[in-house]
Amino acid sequence: MFTRSALTATRALGVAKTGATRTAQRNASSQSSSGSSASWKDNALLGSSTAFAIGSVGWYYYQFGRPAHAMTPAEEGLHATAYPWEHEKLYKTFDHNSLRRGFQVYREVCSSCHSLSRIPYRTLVGNIMTNDEAKGLAEENEYDTEPNDEGETEKRPGKLSDYIPNPYKNDEAARAANNGALPPDLSLMVKARHGGCNYIFSLLTGYPEEPPAGAVVQSGLNFNPYFPGTGIAMARVLYDGLVEYDDGTKATTSQMAKDVVEFLNWSAEPEMDQRKRMGWKVMAVGGVLFALSIWVKRYKWVNIKTRRLLYDPPATAAKRPDNIQAGSRFRK
């Protein structure tokens, strides 16, 4: 009887084991097929998303990313040479002797056609000349006073608060004196032209003795390869020895161009030295505060960052042997 029961139990166990194995195989097969299908869909979705993203970036660059030019490279003129300007470096300031010489070149050469309408005489004090020199320069020009009770104005000597006067009364007079061309104001010229100092220096020193062969220059214009279209109404104005510097510097064409370009850069950015000084102060203070913030962060988080958590499981009771019944006495 006992043997028959054992055989029956063994058969039942074998049948159950075989059924479980077949079920597992069927499940694995179905999971493999569904997994392969899901993997193919995921790959297709990922590939299409990547292609769409790349296409979107390419379309955006084609529409908006490319540089837009108002003129062709031939119409833009020759690209200006990059020169190592000292005042453009982060730790350098304007050469005030060069600023003084550049202002002298402007007064004796450039001021006959070009204006500096945004520069008052007071900004020259401490940068280019002394207070008395600036006052004397301002008093050389006359300005209109405020209208009186009868609406009439009078002339008065200039003051430090006045702006450097325009060489012409209006734009029409300027055009009439320059064959229809309007000389631009030089206050912001360095910022208004692509290339800045390099462009203006190349333009002033780029006049050839004769136009190159094949160059077509319209009547009333002068050839300059750095000017857009290569035809400029302004003739060459700087020649060796044209200006006699007060400090004895030799007035070559390149020296005068360099000085007046640095002066024009100062006129466009008279606060550049103060901005650099303030920038270095901000960087110094910011560096100290950054180091302090790192120290405070490490000080505040050191207890949490260096904390070590250990798990101490509770002590379990001794396991009772299976052959000992409840209520019986048991000794270790």
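We're numbering straight along the sequence, starting at 1.
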Classify the side-chain pair Asp240/Thr252 by whether it contains a donor and acceptor separated by less than 3.5 Å.
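There is no such pair (donor and acceptor under 3.5 Å, judged by atom type) between the side chains of Asp240 and Thr252.
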For the residue pair Ser115 and Asp185, confirm or rule out a side-chain donor-acceptor distance under 3.5 Å.
yes
Neighbour count >12 (heavy atoms, 6.0 Å) for atom [atom1], [X]:
{"X": "Lys89", "atom1": "NZ", "answer": "yes"}
{"X": "Arg275", "atom1": "CZ", "answer": "yes"}
{"X": "Glu146", "atom1": "CD", "answer": "no"}
{"X": "Arg236", "atom1": "CZ", "answer": "yes"}
{"X": "Gln274", "atom1": "CD", "answer": "yes"}
{"X": "Glu154", "atom1": "CD", "answer": "no"}

So which of Thr145, Asp144, Asn141 actually passes side chain to side chain donor-acceptor pair (under 3.5 Å) with Lys155?
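Going through Thr145, Asp144, Asn141 one by one, the side chain to side chain donor-acceptor pair (under 3.5 Å) with Lys155 is satisfied by Asp144 alone.
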Pairs in or reaching into residues 159-197: which pass ring-ring contact (aromatic ring centres under 6.0 Å, His included), with residues at least two apart or in two chains?
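Found none.
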Run the side chain to side chain contact (heavy atoms under 4.5 Å, CB included) check on Val105 and Leu238 step by step: do they pass?
CA-CA 9 Å; Val105 174; Leu238 297 181; 4.2 Å; yes
Are Tyr226 and Tyr199 close enough that their ring centers fall under 6.0 Å?
no
Whether [X] side chain and [Y] backbone form a donor-acceptor pair below 3.5 Å:
{"X": "Thr153", "Y": "Pro147", "result": "no"}
{"X": "Glu140", "Y": "Pro157", "result": "no"}
{"X": "Asn148", "Y": "Glu152", "result": "yes"}

Within-4.5 Å side-chain heavy-atom neighbours: [X] and [Y]:
{"X": "Phe94", "Y": "Asn127", "result": "no"}
{"X": "Asp162", "Y": "Lys159", "result": "yes"}
{"X": "Cys113", "Y": "Asn178", "result": "yes"}
{"X": "Val109", "Y": "Val243", "result": "yes"}
{"X": "Tyr83", "Y": "Ser202", "result": "yes"}
{"X": "Lys92", "Y": "Leu90", "result": "no"}
{"X": "Thr93", "Y": "His87", "result": "no"}
{"X": "Met272", "Y": "Lys276", "result": "yes"}

Should the pair Phe201 and Trp85 be assigned to parallel (<30°), tilted (30 to 60°) or perpendicular (>60°) ring geometry?
perpendicular
Could you check Arg101 against Asp247 for salt bridge (Lys or Arg N to Asp or Glu O under 4.0 Å), going step by step and ending with a plain yes or no?
CA-CA 9 Å; Arg101 294 193 299 266; Asp247 58 359; 2.9 Å; yes
Salt bridge flag under 4.0 Å for residues [X] and [Y]:
{"X": "Glu139", "Y": "Arg156", "value": "no"}
{"X": "Lys258", "Y": "Glu262", "value": "yes"}
{"X": "Glu133", "Y": "Arg100", "value": "yes"}

Given the rule that I, L, V, M, F, W and Y join up when any side-chain heavy atoms are under 4.5 Å apart, are Leu242 and Tyr207 in one cluster?
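Result: yes, single cluster for both.
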Are Lys250 and Tyr245 close enough, and set up right, to give a side chain to side chain contact (heavy atoms under 4.5 Å, CB included), and what steps lead you there?
CA-CA 7 Å; Lys250 188 176 180 180; Tyr245 285 136; over 6 Å; no
